[in-house]
Amino acid sequence: MTAADYTAEALRGEDGSLDVRIVSDGRARHLGGRRGAENELRRAADVPGEGVLPVLLGSGLGAGLADVLARIAGPVAVVDAEGAVYGLTGVREKWRGDARVLWIDESEPETALAMLTRWQLGHGGLPFAPVLDPFYARLRPELYRALAERLELSRKVDFWGRARYPKFRSPQPRVLLLTSTYFLMGELEAACKRLGFATCFVQLPSQEVGSQEFVERMLGEILAFRPDFVLTINHLGVDKEGILTGLLARLELPLASWFVDNPHLILYIYENLSSDWVTLFTWDADNIASLKAQGFGRVHYLPLATDPHRFAFAPDTAPVRDVAFVGNSMVHKVRAKLERYAFPDALERDVEDLGRAFMESGLLSVGDFLDHERPGHAALFRSLPDADTRLAFETLVTWQATLLYRLQRVERLLPFNPMLVGDPGWHELLPKGGWTYHRELNYYEDLPRFYPATRVNFNCTSQQMKGAVNQRVFDVPVCGGFLLTDHRRQMEDLFEPGREIVCYGDPGEIPDLVRHYLARDDARRKVTEAARRRILAEHTYDLRLSSLARTMRGIYG
């Protein structure tokens, strides 16, 4: 019998007991009447007392659920996707609104497992105690029998107790890295090896997060490797529902998440954010106060850096071009957002104006900018249907602001016939002639050779950060290239302007600075050498990772 095609009808016995007859493929089966209720009671009696989470796989006539709730205070989960059956028995309606009962009517086992896992983490990580009704096992084995087999695993091993072990007991930390395709993970892996940190890598596809399989796999890795902390970049590998952070809190295993992009544009969609076992590091000091206001108790400043082994110094490289900028025009990024989302006309029509105003404002987030300077647009923004759409609009305005910011500054380079390296969107922004285009270069293979072969490497920072410095500030000088960059509020904490870094403020300063340094090879060399010395002494990923590990040891050791 399968659940794909059946009919159910209620029957009453002579003694008034309820039975439900299921008919499929011409065969009839009975849920049980009085005898079925007695069987439910016998199965329910096998559920241990306190210290477990009973999961009834099939609600039957409700006798088993009533018995479990009479013996223990709860909670109890019921997995029953047979609406045609429980609609006749009235079981679900009887316990509707009872806070002790979690009812799951999902027909997909992975979805049901995800819900059970969240429920488990919310109740101290207690082991499941599944009770399988044989009738439901025959009716839909791919759901109820499969769930019973998976849930039984949690009764066999005390993962939770074994995984709570002392941390930071050796001089060098043990780091579990949540791997991703983000470029910085390669730098951290290499830095860990150079520093002698023991590492273990776990790839966690988002579709697995929240399932019992995910929990088992994560616990297995933790028990085998026994890390001191978990490290991720930009919260990658952390699910938006907070399953992983809840799991790590139950294990008393700290998570370090280093944000190297705007954290507010990333954390927008996350739930269950704050935890004593989560420590955030941000490359932008401007985010510390706002992240703490969001509920994170532990937030630390950790700026970007570079890997001098990847961006190796090439002292004999001769410059072959005068001026170049490596960066995205943002044209296609802006267009893609507009094509994907249906924003209200008043918001979509004013995107360019909003981007320009946000660029010119001193406010750090699009949401704050709209609230303070564009209340009419803010009301429309707040009324967008969900968090994903609001995040998309904030990102759109940020990218539009970056497009205009970069265009205003790159236009000042045109008298010097610059090379622009990036996406073809630059052809839509700039006039023909007076500049050359080069497709995007590979970060690791091409840029370490490109930067020192350029007399003046130009930089203008994304508007996702208005005070922090970006990656080029470290990458360009360490491999021997000269950089002219926009001034950032946090620049003086990292370099000495004029001696170790050359900055412009107003776009009008750009032509004179370019002209000055193109004509002075020795001046460029002195600035580059000073910047490189400072970077090697203070701004490598080895140093950043050492600092992060010291902070984690100080908190959790």
Side-chain angles (χ1 to χ4, degrees), residues 1-11 13 17-25 27-48 52-72 74-96 98 100-120 127-155 211-212:
M1 184 182 296
T2 68
D5 183 19
Y6 69 80
T7 59
E9 59 179 309
L11 304 173
S17 63
L18 175 67
D19 189 10
V20 175
R21 182 168 64 184
I22 305 293
V23 180
S24 177
D25 297 329
R27 301 178 64 193
R29 296 180 187 270
H30 292 264
L31 193 54
R34 176 174 291 176
R35 180 176 296 178
E38 293 172 353
N39 290 336
E40 287 181 37
L41 290 171
R42 282 196 294 270
R43 285 190 296 274
D46 293 333
V47 174
V52 297
L53 296 173
V55 180
L56 303 186
L57 301 170
S59 61
L61 297 172
L65 176 58
D67 180 63
V68 172
L69 290 174
R71 290 189 290 111
I72 66 175
V76 179
V78 180
V79 180
D80 192 330
E82 314 311 321
V85 177
Y86 63 68
L88 295 174
T89 64
V91 174
R92 183 170 187 178
E93 192 62 32
K94 181 178 179 180
W95 278 280
R96 185 181 295 278
D98 192 321
R100 298 172 297 171
V101 180
L102 169 70
W103 192 286
I104 298 174
D105 59 6
E106 294 289 340
S107 59
E108 293 294 329
E110 289 301 326
T111 305
L113 278 167
M115 297 175 69
L116 287 169
T117 301
R118 296 187 188 96
W119 178 67
Q120 182 187 45
F128 293 118
V131 180
L132 175 62
D133 189 310
F135 177 86
Y136 287 80
R138 293 192 300 271
L139 181 65
R140 200 193 294 249
E142 72 278 8
L143 174 62
Y144 303 106
R145 193 177 297 280
L147 284 174
E149 292 172 356
R150 296 284 289 277
L151 297 180
E152 275 292 340
L153 291 173
S154 68
R155 303 183 67 174
S211 70
Q212 182 67 12

Participant: Work out which heavy atom in L56 is nearest to a heavy atom in G64; give both atom names and the distance.
Facilitator: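 Looking at all heavy atoms of both residues, the closest pair is CD1-C, 4.2 Å.
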Participant: Over all heavy atoms of both residues, which pair between E142 and P109 is shortest? Give the atoms and the distance, please.
Facilitator: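 Shortest heavy-atom separation between E142 and P109 comes out as O-CG, 3.8 Å.
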Participant: Can you see which heavy atom on W95 is nearest to which on G62, and at what distance?
Facilitator: CH2-O, 3.5 Å
Participant: Just by distance, do the side chain of Y136 and the backbone of G60 share a donor-acceptor pair under 3.5 Å?
Facilitator: yes
Participant: Specify the closest pair of heavy atoms between E108 and L143, including all atoms of both residues, with the distance to one decimal.
Facilitator: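 Distance-wise, the nearest heavy atoms are C-CD1, 4.2 Å.
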Participant: What residues, two or more places apart in sequence or in another chain, satisfy ring pair (Phe, Tyr, Trp, His ring centres under 6.0 Å) together with W103?
Facilitator: Y86
Participant: For A81 and E106, work out which heavy atoms get closest and say how close.
Facilitator: CB-O, 3.8 Å
Participant: Verify side-chain contact (heavy atoms from CB on, under 4.5 Å) between V131 and V68, making sure each step is shown before the conclusion.
Facilitator: CA-CA 11 Å; V131 180; V68 172; 6.0 Å; no
Participant: Against F128, only a single residue in L147, V55, V52 fulfils side-chain contact (heavy atoms from CB on, under 4.5 Å); can you say which?
Facilitator: V55
Participant: Take D105 and R92 through the side-chain contact (heavy atoms from CB on, under 4.5 Å) test and state the conclusion after the steps.
Facilitator: CA-CA 10 Å; D105 59 6; R92 183 170 187 178; 2.9 Å; yes
Participant: Using the test side chain to side chain contact (heavy atoms under 4.5 Å, CB included), find all partners of L102 that sit at least two apart in sequence or belong to another chain.
Facilitator: A77, I104, W119
Participant: State, with a plain yes or no, whether a side-chain heavy atom of E82 is found less than 4.5 Å away from one of Y144.
Facilitator: yes
Participant: If you define the side chain from C-beta out and look only at heavy atoms, does anything of V85 sit under 4.5 Å from D80?
Facilitator: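 No, side chains not in contact.
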Participant: Using the test side chain to side chain contact (heavy atoms under 4.5 Å, CB included), find all partners of A148 that sit at least two apart in sequence or belong to another chain.
Facilitator: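 Per chain and number, A148 pairs via side chain to side chain contact (heavy atoms under 4.5 Å, CB included) with L57, L132.
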Participant: For the CG atom of L139 and the CZ atom of R145, what is their distance to the nearest 0.5 Å?
Facilitator: 11.5 Å
